[in-house]
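Worksheet: the structure to be examined is printed underneath.
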Amino acid sequence: MKLWDGRFNKGTSSLTEMFNGSIQFDYKLFDYDIQGSIAHSKMLERIGMLTKEESDTIIKGLEEIKKEYYEGKIEFKIEYEDIHMNVEKILTDKIGELGKKLHTARSRNDQVAVDMKLYFKDNTYKILDKVEELLKTILQMSEENVSTIMPGYTHLQGAQPIRLGFHLMAYFMKFKRDYTRILNCIDGMDELPLGSGALAGTNYDTDREFLKEELDFKSVSLNAMDSVSERDYIIEFQSAISILFMHLSRISEEIIIWNSQEYGFIDIDDAYCTGSSIMPQKKNPDIPELIRGKTGRIYGNLIQILTVLKGLPLAYNKDLQEDKESLFDTVETTLITLEIFNELLKNINFNEEAMFESTKKGYLNSTDLADYLVGKGIGFRDAHKVVGSIVAYGLKESKTLEGIDIEVYKSYCTMFENDLYDFIDMKKTVDNKKSFGSTSEKSLLISIDKCKEWIEKL
Ligand code: ARG
């Protein structure tokens with residue numbers, strides 16, 4: 001017996017039940033389905049479709065179902081297809097015929113739309129909390145590493161010395177934008193779809209404003225057909241989370257590189273590494289590798305939902321049931337990833353010595369040397385050429401810029417004087433940066449302060 005089989009002469013095949021059903025995964029909407037039904041029941045009472053006693057009995061029944069579910073006493077059945085019909089069936093078994101009145105003035109199409117939005121908002125706020133924790137961790141690490149000097153790279157070739165705090169704050173900025181992007185997803189979707197019915201609205205003068213207040217939405221949807229067929233917010237979210245994972249993947253990649261024997265910039269705490277079943281010496285950075293890898297499925301989820309929506313005529317089509325597993329997967333993957341990544345970061349040890357030593361390889365102070373000549377009145381292009389020749393000399397003679405004799409410098413350009421050595425001192429070059437937003441201590445502290453102010457206001 002189905003809840004909808006009035007016109008059918010035959011039951012569905014068990015294969016159809018398996019293929020068509022969503023209870024296998026939409027049980028995750030359970031809490032929100034109950035919440036939506038309680039609000040709907042109160043609204044029906046308000047407009048006189050249910051008496052106070054009837055509404056109270058329904059609500060009590062729904063609350064009992066919730067309690068029993070968490071006590072493990074309730075089993076959903078594929079026969080009832082999805083969470084909405086399972087709950088309705090269990091309610092009707094529990095309180096009798098009255099249970100059947102609950103579906104007045106609604107359809108599963110607006111019911112699933114509201115459940116999904118409630119699930120979405122709840123979980124998106126949880127994700128935002130975790131992004132905020134991550135931002136706080138990075139901010140603190142940056143403050144602790146204002147004085148740590150390391151090579152900054154372009155093309156993964158040593159480029160110019162920077163502060164580690166500056167490198168970390170570059171990620172802070174990326175995750176800060178992620179926070180705002182994810183938050184904006186809520187802003188765009190905060191419209192109540194319940195009360196839209198199947199697609200055309202319902203034959204009852206429902207109080208959707210009341211539902212909006214009960215379920216804590218910002219506004220009531222203006223077009224029933226749109227509100228049962230749109231899943232824009234899921235696409236926006238999958239997209240925002242894809243960008244978040246792109247950033248998580250980039251920082252993971254750096255952690256993996258920094259952790260290699262060749263770099264030796266960091267040591268990841270044993271609790272966040274694994275060994276090899278064959279090579280006894282191994283301590284592998286599996287966590288950042290997995291984060292990098294999981295980025296693939298997050299991108300996949302974005303493409304999946306975009307493809308499901310493409311080409312759907314209005315309004316509801318069963319294709320829309322395919323919005324769930326990918327969303328649940330992205331939400332769950334994001335929550336666990338942010339949690340472990342935050343812990344991993346907190347348990348990284350920086351090898352400041354190795355980082356600083358590395359600035360001495362690869363002529364990272366060459367640009368400063370060119371700027372030294374600019375200070376003496378030489379055009380930057382000419383200065384660039386002179387320093388290029390000196391670097392070529394250094395490479396041939398295996399000498400750093402600091403190790404080249406003043407007489408040699410003078411043979412390349414008479415403007416060189418003894419003060420050049422001070423100008424190209426690795427620790428000093430970082431503070432020679434004068435531009436706003438640079439790696440100088442002054443600029444870095446300003447950016448940290450501004451970001452602190454921003455995070456305190458969240
Ligand atoms: N399980 C369905 C889904 O997830 C609920 C809506 C069903 N609506 C319908 N007209 N068959 O989309």
Side-chain angles (χ1 to χ4, degrees), residues 19-30 32-33 36 81-84 107-128 130-131 177-194 196 199 217 221 223-249 291-338:
F19 191 71
N20 189 46
S22 54
I23 189 64
Q24 304 93 310
F25 43 88
D26 69 12
Y27 67 88
K28 291 182 181 173
L29 298 177
F30 174 74
Y32 310 103
D33 200 72
E81 196 179 318
D82 57 25
I83 187 64
H84 325 294
S107 143
R108 267 188 301 152
N109 297 351
D110 56 343
Q111 191 178 357
V112 72
V114 79
D115 288 8
M116 286 291 280
K117 284 192 166 185
L118 291 171
Y119 167 93
F120 179 83
K121 277 209 281 181
D122 201 13
N123 283 286
T124 302
Y125 283 121
K126 286 184 195 156
I127 289 174
L128 284 169
K130 298 234 177 287
V131 177
R177 286 191 297 274
D178 287 322
Y179 184 95
T180 309
R181 228 181 325 263
I182 298 168
L183 184 64
N184 286 345
C185 294
I186 299 182
D187 213 43
M189 56 70 71
D190 213 356
E191 276 186 350
L192 172 89
L194 191 60
S196 296
L199 75 162
F217 281 92
S221 69
N223 182 301
M225 204 168 194
D226 173 54
S227 56
V228 292
S229 62
E230 71 97 5
R231 298 291 186 272
D232 296 8
Y233 66 100
I234 300 183
I235 302 179
E236 277 178 33
F237 174 77
Q238 293 282 19
S239 160
I241 298 291
S242 289
I243 300 174
L244 168 74
F245 264 80
M246 178 270 289
H247 293 146
L248 286 167
S249 187
I291 295 174
R292 198 175 53 185
K294 282 180 192 294
T295 306
R297 49 197 265 202
I298 299 291
Y299 290 4
N301 289 340
L302 168 64
I303 298 301
Q304 185 267 353
I305 186 67
L306 273 169
T307 313
V308 166
L309 269 292
K310 173 190 174 297
L312 282 193
L314 299 188
Y316 180 86
N317 300 268
K318 199 58 176 264
D319 314 44
L320 288 173
Q321 183 165 284
E322 289 291 314
D323 63 353
K324 294 180 188 56
E325 284 162 291
S326 51
L327 177 65
F328 299 161
D329 181 58
T330 291
V331 164
E332 287 161 21
T333 305
T334 306
L335 285 170
I336 183 86
T337 300
L338 287 170

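Heavy atoms only, all atoms of each residue included: Ala315 and Ser229 are closest at O-CB, 3.6 Å. Of all heavy-atom pairs between Ile291 and Thr295, the closest is O-OG1, 2.9 Å. Between Ile127 and Ile241, the shortest heavy-atom contact is CG2-CD1, 4.3 Å. Residue Ala113 comes nearest to Ser227 through the heavy atom pair CB-O, 3.9 Å, listed as atom of the first residue, atom of the second, then distance. Here the shortest heavy-atom pairing between Val112 and Asn109 reads CG1-O, 3.5 Å. Between Thr333 and Arg297, the shortest heavy-atom contact is OG1-NH2, 3.4 Å.
A salt bridge links Glu230 to Lys117: one of the charged nitrogens lies within less than 4.0 Å of a carboxylate oxygen.
Atom NZ of Lys324 is separated from atom CD1 of Ile83 by 11.5 Å, given to the nearest 0.5 angstrom. One distance of note links CG of Leu335 with NZ of Lys126; it measures 7.0 Å at 0.5 Å rounding. Remark: Glu191 CD to Asp226 CG distance equals 7.5 Å, nearest 0.5 Å. Taking CZ of Arg231 as the reference point, atom CE of Met189 lies at 11.0 Å (rounded to 0.5 Å). Residue Ser22 holds its OG atom at 8.5 Å from CG of Leu29, rounded to the nearest 0.5 Å. Distance check: Thr334 OG1 to Leu244 CG gives 6.5 Å after rounding to the nearest 0.5 Å.
Between Ile186 and Leu128 there is a side-chain heavy-atom pair separated by less than 4.5 Å. Considering only heavy atoms from C-beta on, Tyr316 stays 4.5 Å or farther from Asp110 through its side chain. In this structure the side chain of Leu338 reaches within 4.5 angstrom of the side chain of Leu248, judged on heavy atoms. With a 4.5 Å cut-off on side-chain heavy atoms, Glu332 and Ile336 do not count as touching.
Judged by the 6.0 Å distance and 45° axis criteria, Lys121 is positioned over the aromatic ring of Phe217.
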Q | Full working for side-chain contact (heavy atoms from CB on, under 4.5 Å) between Leu320 and Val228 | A | CA-CA 10 Å; Leu320 288 173; Val228 292; over 6 Å; no
Q: Assess whether side-chain contact (heavy atoms from CB on, under 4.5 Å) is satisfied between Phe237 and Leu327, documenting all intermediate values.
A: CA-CA 9 Å; Phe237 174 77; Leu327 177 65; 3.6 Å; yes
(Q) Go through it in stages, so that I can follow the logic: the residues are Tyr299 and Met246, the test is side-chain contact (heavy atoms from CB on, under 4.5 Å), and I'd like the CA-CA distance, side-chain angles, deciding distance and then a yes or no. (A) CA-CA 9 Å; Tyr299 290 4; Met246 178 270 289; 3.2 Å; yes
Q: Starting from the C-alpha separation in whole Å, work towards a yes-or-no answer on side-chain contact (heavy atoms from CB on, under 4.5 Å) for Asn301 and Ile305.
A: CA-CA 6 Å; Asn301 289 340; Ile305 186 67; over 6 Å; no
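Residue-environment remark: NZ (Lys318) exceeds the threshold of 12 foreign heavy atoms within 6.0 Å.
Gln321 places a side-chain N or O within donor-acceptor distance of the main-chain N or O of Asn20, the cut-off being under 3.5 Å. Within the 3.5 Å criterion, the main-chain N or O of Glu325 finds no donor-acceptor partner in the side chain of Asp329. Of the possible donor and acceptor atoms, none in the side chain of Asn317 sits under 3.5 Å from a partner among the backbone N and O of Asp319.
Phe120 has its ring centre less than 6.0 Å from the ring centre of Tyr233.
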